[in-house]
Student: 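What follows is a single structure, and I will ask about it in a moment.
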Amino acid sequence: MKIKSKKMIGILGLIIGILWLFPFYMIVANSFKTPKGIFASVLALPAPATGENYANSFKALNFIGSLTNSLIITICSVLLIILCSSMAAYALQRNKSKLSSGLLLLFISAMLIPFQSVMIPMTANFGSAHMLNMYGLMFMYLGFNCSLSIFLYQGTLSSIPIAMDEAAEMEGASRWQIYYKIILPMLSPMTVTVAILNIIAIWNDYLLPSLVLPQIQYTIPLQMFNFFGEYTKQWHLALAGITLSIIPVIIFYLFAQKWIIKGVTDGAVK
Amino acid sequence: MVELNLEHVYKKYKGNKDYSVSDFDLHVDDGEFIVFVGPSGCGKSTTLRMIAGLEDISKGDYKMGDRVMNNVAPKDRDIAMVFQNYALYPHMTVFDNMAFGLNIRKNDKEDTKKRVEEAARILGLTDYLQRKPAALSGGQRQRVALGRAIVRDAELFLLDEPLSNLDAKLRVQMRTEIAQLHQRLGRNFIYVTHDQIEAMTMADRIVIMNKGRIQQVGTPAELYNMPVNKFVAGFIGSPSTNFFDVRLENGYITNDDGLRVAVAEGQLKTLVEKGYDGRNLTFGIRPEDIHAEEIALQTYPDAIIEAEVEVSELLGANSMLYSKLGKTDFIAEVNSRDYHEPGDRLKMALEMTKAHYFDKDTEETII
Amino acid sequence: MVELNLEHVYKKYKGNKDYSVSDFDLHVDDGEFIVFVGPSGCGKSTTLRMIAGLEDISKGDYKMGDRVMNNVAPKDRDIAMVFQNYALYPHMTVFDNMAFGLNIRKNDKEDTKKRVEEAARILGLTDYLQRKPAALSGGQRQRVALGRAIVRDAELFLLDEPLSNLDAKLRVQMRTEIAQLHQRLGRNFIYVTHDQIEAMTMADRIVIMNKGRIQQVGTPAELYNMPVNKFVAGFIGSPSTNFFDVRLENGYITNDDGLRVAVAEGQLKTLVEKGYDGRNLTFGIRPEDIHAEEIALQTYPDAIIEAEVEVSELLGANSMLYSKLGKTDFIAEVNSRDYHEPGDRLKMALEMTKAHYFDKDTEETII
Amino acid sequence: MKNRSLSFWLFLTPTLIALALVVFIPMLEGLFYSFTDWDGLSFTKVVGFQNYATLLQDKAFVNAFWFTVAFVIVTVIMLNVIGLGLALLVTQKFKGSNFLRTVFFMPNMIGGLILGFIWQFIFTQGFSALGTTLHLGWLNNWLTNEVTGFWGLVIVTVWQMSGYIMIIYIAYLQNIPNEVIEAAKIDGASAWQRFTKITFPMIAPAFTVCMFLTLSNGFKIYDQNLSLTNGGPYNSTQMLAMDIVNTAYNSSNFSLAEAKAIIFFIIVAAISLLQVFYNRKREVDL
Amino acid sequence: ACGNSGSSKKVKVTILQGKVESNKQFKQIAKEYEKTHSNVDIEITSIGGGTQYNPVLKTRISSGNSPTIFSLAGPADAKQFKAYTADLSKTKAAKNALPGTVSAVSTNGKTYGLPFNVEGYGFVYNKDVFKKAGIDPTSLTSYDKLEAAVKKIDSQKDKLGIKGVFALPGKESWILSDHLMSLYLGQEFNGNAQKLYNSKSIKFNNNADMKQMIDLQKQYSVQPVMQMDYAGQVNQNFSQGKAAMIQQGDWIYPTIESVDSKFAKNNVGMIPIPVKGEEGKLPVGTSLYWAVNKKKTTAEQKAATDFLDWLYTSKAGKKDVVNTLHFVPAYKGYEGMKMPDALTQVVYEYSKDNKTIGWAFPGYTGTSWDPDVAQPNLQKYLSGKQSWDKTVENLKDGWKKQQSNVSN
Ligand SMILES: Nc1ncnc2c1ncn2[C@@H]1O[C@H](COP(=O)(O)OP(=O)(O)OP(=O)(O)O)[C@@H](O)[C@H]1O
Ligand SMILES: Nc1ncnc2c1ncn2[C@@H]1O[C@H](COP(=O)(O)OP(=O)(O)OP(=O)(O)O)[C@@H](O)[C@H]1O
Ligand SMILES: [Mg+2]
Ligand SMILES: [Mg+2]
């Protein structure tokens with residue numbers, strides 16, 4: 001009986017999964033088609049298949065260079081976000097006062113501000129500080145994305161028993177040590193989640209880097225927009241480019257999953 | 001030299017109506033081994049947590065020597081603590097759990113390793129050093145919690161029921177280890193336990209609490225022999241003291257259940273002097289001071305009751321007779337050699353010199 | 001009618017090298033009260049969890065009557081369980097924690113309320129019904145865990161050290177309540193404890209385990225009086241049986257520590273018959289079978305040893321003498337009336353008819 | 001941690017500074033600009049509440065508002081139900097559950113424009129092909145009117161975001177101590193009962209977070225709107241964010257756009273924070 | 001022409017422009033220019049996607065990081081960036097600009113932008129289909145002739161292998177609101193965007209003609225019209241021979257070519273849309289202009305104008321304009337050069353022959369009337385949700401309202 005229901009769940013999952021994957025089938029299938037092939041029938045399999053799009057897209061995107069930029073920006077920003085926002089969330093969650101709920105409110109409300117309304121004043125300010133570059137961008141990402149991360153961390157922190165802090169405190173650990181040695185490792189499933197969500201957001205971001213980055217620091221999405229002219233959209237190259245650019249993310253995700261799956265807090269306090 | 005002073009300490013948790021600890025006043029000498037005992041929920045852990053600095057003190061002062069510690073951060077108090085609920089770090093191996101406090105203090109790596117391995121050996125955890133707490137049995141986890149404290153060389157050790165989940169044999173062993181540690185380090189230990197034998201054997205002094213208040217502080221023998229009130233008399237010793245409502249008349253205590261025994265001479269004098277003659281009071285006698293052997297019946301001819309055995313429990317050398325005298329239940333601990341069936345009516349002799357008398361209203365000890 | 005059968009059950013946790021439970025084979029009759037005892041980490045909880053269906057059985061079958069239960073989901077087994085680590089629902093009040101199992105079964109609301117309140121009364125939790133577990137003391141939490149089980153009317157009760165965090169008095173009380181519950185419901189109970197008194201007084205049969213294997217199954221008296229091996233003899237009874245390495249020669253057992261006592265007659269015959277004459281074996285005697293009173297010395301003139309007392313512990317009526325005979329440590333439980341100082345050299349009489357003898361290699365009991 | 005303690009502030013400083021510089025200070029500047037005739041570069045005069053008066057009569061803004069509200073209601077419900085459902089599905093231990101996680105999350109890995117392109121083809125060609133073979137009329141002519149435009153947006157959003165929501169739910173699900181679930185099993189709770197009585201209450205923080213996220217993202221949604229319908233046909237599927245952007249860039253009316261953004265912020269903040277507070281009340285500290 | 005020498009320091013010219021599809025080509029040209037002008041350093045950034053360009057330019061400017069040269073899309077842009085646009089009327093390129101091509105960005109005799117190029121639109125047709133149908137496309141000089149031809153083609157759809165005579169992309173509202181309406185509305189303003197931009201009201205007298213043209217295209221288009229976008233129209237239908245003609249411009253050539261280069265080379269042609277009173281004239285205009293940042297140093301401004309002059313008037317530059325950028329030049333002096341493809345050739349020839357009408361639509365594409373009023377109303381009519389009369393009324397009212405608000 002147990003086995004049977006497992007199978008049923010598996011089959012259900014498979015059906016939903018196929019439904020979910022269909023658009024990806026379209027992306028990948030069309031990325032192997034000639035421009036003519038794409039529009040002859042978008043739904044069909046590529047016939048004949050060509051790898052040319054990938055070669056061309058690779059060149060046009062300056063793939064190695066922009067991949068490097070994307071990686072540097074994404075990795076640094078995400079590390080910064082994880083560190084700073086888990087710290088902040090820890091401070092806020094372990095302090096039960098009006099002030100900290102007020103601060104939390106402030107953080108949360110920052111998420112509601114439409115980006116477009118701060119975009120111009122913000123970049124103007126950063127520009128006058130000569131910070132319109134990679135490093136400025138990382139800092140901006142911290143500002144824009146820390147709220148969500150804090151919010152996420154804050155929620156899980158309540159399930160890390162305060163006894164953990166207390167035990168470490170008794171052993172003479174400082175606040176920082178408690179955070180760094182006890183809390184942060186115990187948060188790791190959430191950290192992986194936070195990392196994934198931020199990586200996705202930053203990896204794909206177009207608007208903000210387009211305002212901030214000098215051409216030499218262009219990321220993949222910025223290069224990708226060269227395929228989207230006013231009238232002519234080079235879908236065959238864009239689709240190949242997309243496929244190329246999500247591969248690193250998928251690889252990361254597959255690794256990260258192992259982490260998420262490994263629930264760490266399982267019943268070990270007592 | 002470290003003396004601890006708890007001066008009229010109170011604690012009320014947020015959201016509670018009542019104080020969990022009230023007017024807790026205790027002086028602990030340098031190097032003393034103090035044991036807290038008391039019924040579940042009486043405030044033992046709370047007191048420990050205040051000493052550790054994990055709970056704010058609502059009122060009163062906690063001092064080390066003359067220094068008021070109320071606002072000192074826990075990490076600066078140099079305390080090793082075993083939590084009642086272990087509080088193991090789930091993401092660390094057993095080794096790392098035990099080494100954590102030492103690593104934080106930048107203890108020499110080699111020395112840490114040596115100490116942890118030594119502690120693991122003592123605790124029988126050597127095979128488990130690389131496991132995470134989730135893959136341990138209950139008792140193994142508790143030993144890790146204990147290990148975390150014993151590797152440390154702290155100013156003060158707080159142990160909250162560190163052995164409750166261990167088997168008798170291991171418990172005896174651990175008791176010895178803790179006693180040795182105490183002797184070796186000469187630090188103050190405060191130890192919470194529900195195990196009377198632990199309390200009796202380990203403590204320099206026992207603090208017995210009830211409903212957040214200290215009832216009595218004293219050496220094990222003092223508590224056993226001179227309880228200050230009915231609560232202490234009833235709490236110390238297992239099974240606990242039997243109590244009978246009686247009336248003192250003409251040197252005898254009597255009641256409607258058919259109890260009529262002569263009060264021991266010296267005690268009678270005190271009772272009469274204190275004006276209890278002709279009044280109701282509570283009479284207490286321990287199970288081990290009730291005898292059923294022929295020889296005892298002969299020795300105490302005017303302290304004999306006839307009771308009915310309801311249940312008889314064999315506990316090795318002795319048996320517990322759960323008995324009834326009229327409406328009052330009591331327990332007698334008698335030699336197993338004399339076998340008694342449930343349902344037997346049986347003569348028992350009370351060793352009246354060991355008896356205690358309590359005021360019926362205040363429940364204070366008269367003698 | 002429910003009989004439980006555990007047929008050669010094995011359990012290996014993922015990631016471990018060894019089996020945590022091996023070849024566990026037990027038949028439980030309808031309505032029996034079984035107690036599991038054994039050293040920490042011996043596999044008691046694991047066995048319980050397999051019976052509950054929380055762990056997969058690696059090998060072997062668990063049956064109720066004739067029905068193999070291995071693949072039945074826990075929720076369909078109709079079990080009430082007290083977890084060693086409580087496993088309270090943190091988001092529910094004490095009331096809701098206890099009522100949960102009944103509500104799930106769509107028990108009548110009124111009845112649920114009545115039952116929970118009754119349980120709370122028994123457990124002394126009436127004042128805490130509206131609190132969340134986080135605001136309870138350790139013992140109170142444990143009582144909630146117990147309460148969750150006792151409100152239920154399950155087919156099978158599994159209790160994993162349900163009283164370890166309670167004080168002696170409350171523990172006695174709870175013991176009685178559990179015994180009454182067992183009587184009233186007539187269900188199977190499996191009970192894990194480290195408390196020998198609990199084991200001895202509550203069990204119909206005791207299962208004693210070591211390193212994942214059953215050592216012996218029997219009534220308390222059987223285990224106490226007829227241990228099948230040295231492990232059982234050493235484990236049952238507290239303090240535990242004293243063991244001496246000896247050599248049987250001419251009706252006497254002797255060793256280099258100066259032990260030389262006559263073997264009791266009946267026992268000697270058996271020993272010789274089994275061919276142990278002139279061979280080394282292990283001699284065991286319980287602390288309570290070692291006496292220091294004059295009268296005993298006179299009664300057992302050819303079973304006298306002279307030992308040195310190292311520590312003397314007063315435990316109410318009796319005292320424990322931690323003593324040394326040559327290189328061998330042992331404990332004697334003697335009457336407190338005869339006071340002995342540490343350092344005293346003392347004559348003690350061994351009650352040789354109560355002695356046990358074990359094969360030196362197999363550690364099996366000879367007699 | 002005491003809030004008078006140094007560490008409390010030290011832990012908060014980096015994020016507070018970043019937030020101030022990146023969000024709040026520019027926001028205040030924007031607030032100021034909304035009272036001027038700012039054109040994105042400079043302003044000539046302060047006009048008081050004129051922009052706010054204008055926007056109240058702006059039919060496009062009001063239309064966008066109601067369209068967005070409807071969209072938010074539908075997607076918040078669907079995303080949370082489906083996201084949580086997927087999370088529960090893939091946290092069951094069965095073969096391929098890990099693979100499925102990746103599958104459900106993958107839509108997040110591609111950005112807005114491509115998404116719109118792909119889905120346009122699914123709606124226009126995939127749907128009509130299906131509609132013709134199955135003789136289902138309603139599958140034809142998608143995205144050509146307000147209703148199909150609306151549901152098209154909903155479908156794309158759900159397809160994309162539910163993996164996102166799933167991830168968050170998974171993270172919280174993983175945090176529930178196993179022993180509590182075991183206790184519930186012993187208490188006889190069925191899978192569904194375990195979910196409603198134990199799991200769900202214990203992941204209440206996740207629910208709060210996800211409600212908030214879906215709510216605020218629903219209001220702020222732009223990319224999908226742009227790439228799938230671009231507000232069309234006849235601006236019937238134009239949502240608030242797009243209306244604001246268009247006001248700013250297509251009509252070069254930056255100060256009006258700022259005013260709209262402020263009003264928009266106030267509305268969304270009121271709704272979302274109300275929701276957060278309502279939900280936070282039900283959460284427990286363990 | 002040489003930059004100013006003397007200073008050994010290189011002059012940096014940063015360019016921000018909105019024609020992404022030419023990004024690569026511009027970079028190549030810049031590199032070539034740097035080779036012969038060693039003291040200039042040119043950095044080109046291309047931003048595309050319509051709404052994306054404008055915010056980037058604004059943030060660049062407001063953060064003190066403004067480009068030396070940037071592109072403008074018409075009078076509305078010119079007005080917005082007035083404070084930054086230098087007068088270019090003295091440049092060689094401006095002097096050589098074809099008549100009318102700079103009027104949209106000129107005020108009071110000052111020129112603030114130089115056209116990238118000229119573009120033209122009309123009906124791009126499939127030569128093969130027309131031939132098979134037996135129709136000479138050049139003969140379709142009036143609406144009636146067009147209608148007759150359309151009906152004729154439509155009647156042999158299957159034989160011709162097409163799905164519709166037209167492919168009208170209902171999703172791309174600018175096809176109607178910008179290109180088509182420009183023809184009918186623009187008549188009131190002689191095709192002058194600047195005039196239209198400044199007018200308080202519009203009469204739109206020729207609206208009935210426009211309706212006729214919309215209806216025709218809709219009725220004989222590949223269906224469903226409202227589902228079709230640019231890619232559907234060009235890539236999917238026209239380039240694959242599924243539509244006989246589409247209303248589009250010369251800019252679609254690269255797209256067609258990328259789909260089927262043979263088809264592009266042999267099969268495409270373009271005829272003017274037959275508008276009453278403007279028969280035989282092709283609407284030709286400019287969609288992007290170069291502006292030079294007046295806030296930059298004179299040296300930088302000089303280097304910038306030098307570059308633009310070089311590009312459009314030097315021999316090497318001209319070659320690049322035509323052969324690298326595939327632009328139809330908006331300047332004089334390109335006589336005898338062959339345009340790279342069939343469609344640009346058409347445009348070039350019409351403009352050479354002066355058979356053109358100006359683009360009026362840049363006069364409203366930068367205003368909110370276009371996206372907020374014109375496009376939705378026309379789409380409503382197209383999808384049958386609104387009558388034509390109501391549509392026209394809304395268009396007129398909307399314009400009046402907007403222009404009274406602007407009140408400059
Ligand atoms: N989840 C687990 N994963 C791996 N090993 C485990 C796990 N749980 C228990 N063990 C191991 O299995 C053995 C038996 O454990 P079990 O919990 O059954 O012991 P126990 O008899 O209940 O002990 P205690 O009295 O200390 O609770 C122990 O050695 C323990 O380390
Ligand atoms: N965090 C808390 N919030 C509110 N009340 C609490 C809290 N912790 C303990 N209490 C209450 O304070 C009283 C004393 O608790 P404490 O934990 O000190 O008891 P204890 O003596 O350690 O008991 P036990 O032996 O059961 O562990 C109890 O009645 C308990 O319910
Ligand atoms: Mg406690
Ligand atoms: Mg256990």
Side-chain angles (χ1 to χ4, degrees), chain A residues 6 9-10 13 17 20-21 23-24 26-27 42-43 84-85 87-88 90-91 94-95 97 99-100 108-114 116-118 120-122 139-140 142-144 146 151-152 155-156 158-159 175 189-190 193 196 200 204 206 221 238 242 246 249 253-254 257 260 263 265-267, chain D residues 1 3 7-8 11-12 14-15 18-19 21-23 26-27 29-30 40 89 92 94-96 98 100-106 108-111 114 118 121-122 125-126 167-168 170-172 174-175 177-179 205-206 209 216 220 241 244-245 258 261 264-265 268-269 272-273 276 285-286:
Chain A
K6 284 250 153 98
I9 291 174
W20 232 253
L21 271 185
F24 285 93
M26 289 183 58
I27 292 178
V42 261
L43 300 174
C84 295
S85 49
M87 268 164 54
Y90 177 53
R94 290 300 200 242
N95 173 300
S97 69
L99 177 70
S100 62
I108 295 178
S109 57
M111 264 188 276
L112 301 169
I113 295 173
Q116 289 84 3
S117 73
V118 298
I120 290 186
M122 191 264 303
F139 188 75
M140 290 176 201
L142 175 62
F144 284 121
C146 69
F151 201 22
L152 287 170
T156 16
S158 64
S159 65
R175 249 323 128 195
M190 186 45 93
T193 306
I196 291 174
I200 296 297
N204 284 326
Y206 170 74
I242 271 291
I246 62 175
V249 191
Y253 185 80
L254 288 175
Q257 251 200 18
I260 307 190
T265 36
D266 261 8
Chain D
M1 224 185 275
N3 58 27
S7 55
F8 177 74
F11 275 46
L12 281 168
T15 40
L19 208 62
L21 290 182
V22 175
V23 181
M27 177 74 186
E29 289 176 56
L89 177 73
Q92 306 294 312
F94 63 91
K95 248 214 205 112
N98 294 345
L100 278 183
R101 283 180 202 217
T102 317
V103 168
F104 294 140
F105 188 70
M106 264 165 67
N108 285 283
M109 296 179 187
I110 42 177
I114 309 276
I118 296 295
F121 277 105
I122 296 180
Q125 309 199 3
I167 287 276
I168 297 175
I170 288 177
Y172 282 84
Q174 226 92 48
N175 250 324
N178 202 18
E179 67 218 33
V209 171
S216 62
K220 294 202 301 186
I244 292 173
V245 171
E258 283 292 353
F264 167 73
F265 170 69
V268 179
S272 312
L273 295 179
V276 169
D285 281 333
L286 312 182

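We name chains A, B, ... by the order of the sequence lines, and we start the count at 1 in each one. Predicted, not measured: the structure shown is a model, and the values here were computed from it.
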Student: Looking at every non-hydrogen atom in both residues, tell me the closest pair between A/Pro23 and D/Ile122 and how far apart they are.
Tutor: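 In this case the closest contact between A/Pro23 and D/Ile122 is CG-CD1, 3.9 Å.
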Student: In Å, rounded to the nearest 0.5 Å, how long is the span from CG of D/Leu19 to SG of A/Cys84?
Tutor: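 Going from the CG atom of D/Leu19 to the SG atom of A/Cys84 covers 12.0 Å.
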Student: With rounding to the nearest 0.5 angstrom, report the CG to CZ distance, A/Leu99 to D/Phe8.
Tutor: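 Result: 5.0 Å between the selected atoms.
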Student: Grab the two heavy atoms, one from A/Trp20 and one from D/Val103, that are nearest each other, plus how far apart they are.
Tutor: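 Heavy-atom minimum between the residues: CD1-O, 3.6 Å.
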Student: What part of D/Phe104 gets within 4.5 angstrom of chain A, counting heavy atoms only: side chain, backbone, both, or neither?
Tutor: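 Looking at D/Phe104, backbone and side chain both touch chain A.
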Student: Heavy-atom distance under 4.5 Å to chain A: side chain of D/Leu273, backbone, both or neither?
Tutor: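 The side chain, not the backbone.
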Student: Go through A/Gly17, A/Pro221, A/Ser85 and name the one with the most non-hydrogen pairs under 4.5 angstrom from chain D.
Tutor: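 The candidate making the most pairs under 4.5 Å is A/Gly17.
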Student: Any side-chain heavy atom of D/Met106 within less than 4.5 Å of one from A/Tyr253?
Tutor: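 They are not in side-chain contact.
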Student: Looking at every non-hydrogen atom in both residues, tell me the closest pair between A/Met122 and D/Leu21 and how far apart they are.
Tutor: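 A/Met122 and D/Leu21 have their closest heavy atoms at CG-O, 4.3 Å.
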Student: Can you list the residues that meet the ring pair (Phe, Tyr, Trp, His ring centres under 6.0 Å) rule with D/Tyr172, with sequence neighbours excluded?
Tutor: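 Result, ring pair (Phe, Tyr, Trp, His ring centres under 6.0 Å) vs D/Tyr172: none returned.
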Student: Provide the closest heavy-atom pair for A/Ser109 versus D/Phe265 in the form atom of the first, atom of the second, distance.
Tutor: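 Closest approach of A/Ser109 to D/Phe265, heavy atoms only: O-CE1, 3.4 Å.
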Student: If I compare all heavy atoms of D/Leu12 with all of A/Ala88, which pair ends up nearest, and what's the gap?
Tutor: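 Smallest interatomic distance, heavy atoms only, reads CD2-CB, 3.6 Å.
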Student: Could you measure the distance from the CE atom of A/Met190 to the CD1 atom of D/Ile168? Nearest 0.5 Å is fine.
Tutor: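 Here the rounded value is 7.0 Å.
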Student: Just jot down the ring pair (Phe, Tyr, Trp, His ring centres under 6.0 Å) partners of A/Phe24, sequence neighbours excluded, or say none.
Tutor: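 Listed in chain order: D/Trp159.
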Student: Counting heavy-atom pairs under 4.5 Å to chain D, which of A/Val249, A/Ile113, A/Ile120, A/Val118 comes out on top?
Tutor: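 The residue among A/Val249, A/Ile113, A/Ile120, A/Val118 with the greatest pair count is A/Ile113.
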Student: Kindly compute the distance separating CG (A/Leu254) from OG1 (D/Thr102), expressed to the nearest 0.5 Å.
Tutor: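 Interatomic distance, A/Leu254 CG to D/Thr102 OG1, rounded to 0.5 Å: 5.0 Å.
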Student: At a 4.5 Å cut-off on heavy atoms, which part of D/Ser216 comes close to chain A: side chain, backbone, both, or neither?
Tutor: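 When you check distances to chain A, atoms from both the backbone and side chain of D/Ser216 fall under 4.5 Å.
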Student: In Å and rounded to the nearest 0.5 Å, what is the CE to CD1 distance from D/Met109 to A/Ile200?
Tutor: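 Answer for the CE-CD1 pair, D/Met109 versus A/Ile200, is 5.0 Å.
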Student: Heavy-atom distance under 4.5 Å to chain D: side chain of A/Leu142, backbone, both or neither?
Tutor: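 Its backbone and side chain both get close to chain D.
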Student: Please find the pair of heavy atoms, one from A/Ala91 and one from D/Phe11, that lie closest to each other, and give the distance.
Tutor: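 Closest approach of A/Ala91 to D/Phe11: CB-CB, 3.7 Å.
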Student: Enter the distance from A/Ile246:CD1 to D/Asn108:CG here, rounded to the nearest 0.5 Å.
Tutor: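 Answer rounded to 0.5 Å: 11.0 Å.
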